[in-house]
Amino acid sequence: MTKIKSKLLILIFSFCVVNKSFANNAVLNEEIVINSAIEHYPKIYINEEKIRIAEAKLIEARGAFDTKLNIKDKRFLSGYYENQEYVDGKIIKPLEFFNSKIYTGYLQSKNGIYPEYNQYYSTNSNGRMMFGFELSLLRGFLINEQNAIKNIANLDVKITSYNNILMLNQIKADARKSYWKFFYIKKIYKIYQEMLDIAIERQKALEIQVKKGDKPAIFLKENQRAILRRQSMLMSIQREMLNSAVNLSMYLRDKNSEMYDAEYILSMNIQEDLNDIDLLKNHNLKKDIDNVLQNRLDIKITEILLKQGNIKMKLAKNDIMPSVDLSFETYKDYGIGSAQKNIRSNKVSLDVTIPIENKKQQGKYDKTRSDIKIITYDLKLLKDSIQNEVKLLFNRVKEIEQIAENAKQEIVLSKKLLDAENIRFKNGDSDFFMVNAREQDFLGIQEYSLRNKLALLELSIEYNFVTKDSLYYN
């Protein structure tokens with residue numbers, strides 16, 4: 001009954017896999033996985049929106065320098081000057097330097113006499129044309145809040161752009177590692193399946209030989225033990241293969257960015273041709289480290305954060321200074337009225353404000369200065385960590401290279417020993433226990449070799465990401 005249930009489950013599983021397989025029997029390879037990841041992985045969309053947000057904030061910051069139209073209308077509603085009115089309109093353009101702005105405008109008064117304190121707003125019949133500018137001579141001369149916000153927003157755009165490149169290449173590296181893990185675990189699964197099939201076929205042959213009296217019954221027990229052991233090992237590898245397919249589904253998605261089911265991925269045909277592993281034969285550790293320290297994107301991002309910190313510190317220092325603002329205006333009236341007002345007039349004013357206390361500004365300055373120190377230490381730590389990361393990866397690759405080469409030679413020797421043991425067993429010079437031990441040893445070294453190849457490939461991908469794919473050349 002248990003066997004019937006097991007066969008039924010296998011049939012149901014096979015039916016699901018077949019029905020989810022590609023209609024055109026498409027293959028699965030590294031390129032397909034990478035293309036799927038960079039086109040449909042959700043983080044790609046998230047970063048695209050982050051770039052749009054940074055660009056939108058930059059546009060918003062530039063809006064501080066937008067040209068504005070300002071109109072004032074003032075009317076006396078009661079009293080001695082009832083119904084007297086003036087209209088003042090100006091076009092104002094803030095400039096990015098010296099905290100300055102220029103403006104031009106038109107002023108016209110209506111309905112007679114104005115109070116003495118408002119005589120500036122009393123114009124001739126056709127009104128007054130004016131032009132002027134304002135600028136800061138001390139606070140705001142070298143930096144001002146609007147310009148600082150714009151420069152910081154401009155650097156934020158660069159940060160999000162660098163983060164996007166870094167994230168994109170990280171996704172490619174992770175997708176590659178995920179694919180090759182699935183590839184090698186599936187190869188290991190096939191090896192275990194083949195060894196289990198050998199033991200099952202041998203069981204059939206042993207049953208016949210034991211019945212004839214050619215082999216002792218203990219051989220059947222030993223082979224049954226080997227079958228059970230290999231079935232358990234196969235189940236573990238099968239679960240690992242399923243898990244690797246689940247992990248691969250993060251990167252293998254349809255056009256709607258939906259993950260494929262693990263069973264769907266298991267049904268795909270993997271291309272067996274493996275590209276050459278990019279080992280470190282042509283790499284120079286010192287040159288790689290120097291190149292990384294100059295061009296790593298995360299270092300560039302931290303350096304940009306340092307630039308932003310310096311802008312904030314300059315702005316905080318600027319706020320401590322006294323305010324000295326200069327303004328100039330030239331104007332002239334037109335039409336019927338005072339003859340003196342038809343003559344062009346120029347006026348200059350100087351506005352000085354000296355803070356008696358500036359605790360708020362001083363606190364802001366001290367905070368930004370400490371923030372810069374933190375970023376500086378972070379940058380130093382980041383560079384040191386990256387150097388060690390490159391060295392450790394380089395050394396680890398060299399170690400696994402040698403281990404993988406030794407495993408390759410060990411496979412050849414194990415196969416020769418297994419073949420020799422089989423010949424001895426057929427000739428009656430060996431026992432079944434030794435044959436089983438040699439088979440198990442050969443199975444183990446094949447798995448060990450494949451896992452070392454996988455480790456070497458993953459390390460190579462990671463090393464290339466750290467020393468090449470995470471770099472950016474201006």
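We're numbering straight along the sequence, starting at 1. The figures here come from the full heavy-atom set of this structure, side chains too, leaving out hydrogens, waters and symmetry mates. Source: prediction; values computed, not measured.
Between Phe433 and Phe219, the angle of the ring planes goes over 60°, which puts this pair in the perpendicular group of the 30/60° scheme. The aromatic rings of Trp180 and Phe183 stand perpendicular to each other, their planes meeting at an angle above 60°, with 30° marking the opposite boundary.
For the pair Leu382/Ile299, a side-chain contact is recorded, criterion being any heavy-atom separation below 4.5 Å from C-beta on. Between Glu134 and Leu326 there is no side-chain heavy-atom pair separated by less than 4.5 Å. Side chains of Glu240 and Ile237 form a contact here, defined as non-hydrogen atoms less than 4.5 Å apart. Within the 4.5 Å cutoff, the side chain of Gln146 has heavy atoms near those of the Asn99 side chain. Looking at Leu306 and Ile372, their side chains come closer than 4.5 Å, going by heavy atoms from C-beta outward. The shortest side-chain heavy-atom distance between Ser414 and Leu418 does not fall under the 4.5 Å cut-off. Put simply, the side chain of Ile188 reaches to within 4.5 Å of the side chain of Arg451, judged on heavy atoms. Ile46 places none of its side-chain heavy atoms less than 4.5 Å from the side chain of Met167.
More than 12 non-hydrogen atoms from other residues, nucleotides or ligands lie less than 6.0 angstrom from NZ of Lys177. Within 6.0 Å of the NZ atom in Lys43, the count of heavy atoms belonging to other residues, nucleotides or ligands does not exceed 12. Atom CG of Leu69 has more than 12 heavy atoms from other residues, nucleotides or ligands within 6.0 Å. Counting heavy-atom neighbours within 6.0 Å of Lys93 NZ, excluding the residue itself, gives a total above 12. In the displayed structure, Lys90 atom NZ is contacted under 6.0 Å by more than 12 heavy atoms of other residues, nucleotides or ligands.
Proximity of a side-chain donor or acceptor of Asn291 to a complementary backbone N or O of Lys287 within less than 3.5 Å is not detected. Formation of a donor-acceptor pair under 3.5 Å by the Asp261 side chain with backbone atoms of Tyr264 is not found in this model. Of the possible polar contacts, none joining the Arg253 side chain to the Glu39 backbone as a donor-acceptor pair under 3.5 Å is found. A donor-acceptor distance shorter than 3.5 angstrom exists from the side chain of Ser470 to the backbone of Phe465, with no hydrogens or angles considered. Between the side chain of Asn223 and the main chain of Ala199, a donor-acceptor pair closer than 3.5 Å is present. Using modelled atom types, no side-chain atom of Asn318 and backbone atom of Lys314 make a donor-acceptor pair closer than 3.5 Å. A donor-acceptor distance shorter than 3.5 angstrom exists from the side chain of Asn452 to the backbone of Tyr448, with no hydrogens or angles considered. A side-chain donor-acceptor contact under 3.5 Å links Thr160 to the backbone of Asp156. Proximity of a side-chain donor or acceptor of Ser257 to a complementary backbone N or O of His40 within less than 3.5 Å is detected. At least one donor-acceptor pair closer than 3.5 Å links the side chain of Thr302 to the backbone N or O of Asp298.
Between the side chains of Asn406 and Gln402, at least one donor N or O lies within less than 3.5 Å of an accepting N or O. A donor atom on one side chain and an acceptor atom on the other are found under 3.5 Å apart for Asp288 and Tyr463. A side-chain donor-acceptor contact under 3.5 Å links Gln193 and Asp197. A side-chain donor from one of Ser323 and Asp325 sits under 3.5 Å from a side-chain acceptor of the other.
Considering every non-hydrogen atom in both Ile191 and Leu443, the closest pair reads CG2-CD1, 3.4 Å. Closest non-hydrogen pair, Val390 versus Leu285, comes out as CG1-CD1, 3.8 Å.
Ion pairing between a basic and an acidic side chain is recognised when a charged N comes within 4.0 Å of a carboxylate O; Glu201 and Lys204 show such pairing.
Of the listed residues (Gln231, Arg230, Glu447), just one forms a side chain to side chain donor-acceptor pair (under 3.5 Å) with Tyr192, and that residue is Glu447.
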Evaluate salt bridge (Lys or Arg N to Asp or Glu O under 4.0 Å) for Glu145 paired with Lys364, printing each intermediate quantity in order.
CA-CA 13 Å; Glu145 186 174 359; Lys364 184 178 178 182; 6.0 Å; no
